[in-house]
Amino acid sequence: MIRGFMKKYKKQLIGIFLGGVVGYLYYFFIGCSNGTCIISSNPLVSVPYGSLLGFLLVGTFKKKENVAT
């Protein structure tokens, strides 16, 4: 069951993981030192935000299905 899910959504899961890594790297290297930046001041915010963006970015590159008309 889990293998089927992972096989079906492999690209999306990779996008989520890589987006989370990029979100953490954004926090670590660019982050906000005084804590007033909403996204980059806290890794608990930047990682899910990066994961969401990774998921959305991967979703834009879908294969078109052939539709017989």
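Any value given below was found using the heavy atoms of this structure, including those in side chains, with hydrogens, waters and symmetry copies removed.
In the hydrophobic clustering, where aliphatic and aromatic side chains (Ile, Leu, Val, Met, Phe, Trp, Tyr) are joined below 4.5 Å either directly or transitively, Val22 stands alone. Membership of an apolar cluster is not assigned to Leu44, as no side-chain contact below 4.5 Å to another ILVMFWY residue is traced.
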Could you list the donor-acceptor pairs under 3.5 angstrom formed between side-chain atoms of residues 2-11 and any protein atom two or more places apart in sequence or on another chain?
none

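In terms of the side chain to side chain contact (heavy atoms under 4.5 Å, CB included) criterion, residue partners of Leu25 (sequence neighbours excluded) are, by chain and number, Val21, Phe29. Looking at residues two or more places apart in sequence or on another chain, you find a side chain to side chain contact (heavy atoms under 4.5 Å, CB included) between Thr36 and Cys32, Asn34. Looking at residues two or more places apart in sequence or on another chain, you find no ring pair (Phe, Tyr, Trp, His ring centres under 6.0 Å) involving Phe28.
Counting heavy-atom neighbours within 6.0 Å of Ile38 CD1, excluding the residue itself, gives a total of 12 or less.
Both Ile14 and Tyr24 belong to a common hydrophobic cluster when Ile, Leu, Val, Met, Phe, Trp and Tyr are linked at side-chain heavy-atom distances under 4.5 angstrom. Under the 4.5 Å side-chain heavy-atom criterion for grouping Ile, Leu, Val, Met, Phe, Trp and Tyr, Tyr26 is not connected to Val45 through any hydrophobic cluster. Follow the hydrophobic side-chain contacts under 4.5 Å out from Val47 and you reach Tyr27 in the same cluster.
Checked by atom type and distance alone, the side chain of Ser46 pairs as donor or acceptor with a backbone atom of Gly23 at under 3.5 Å.
The CG atom of Leu52 lies 11.0 Å from the CG atom of Leu57; values are rounded to the nearest 0.5 Å. Here Ile16 contributes atom CD1 and Ser51 contributes atom OG; the two are 7.0 Å apart, rounded to the nearest 0.5 Å.
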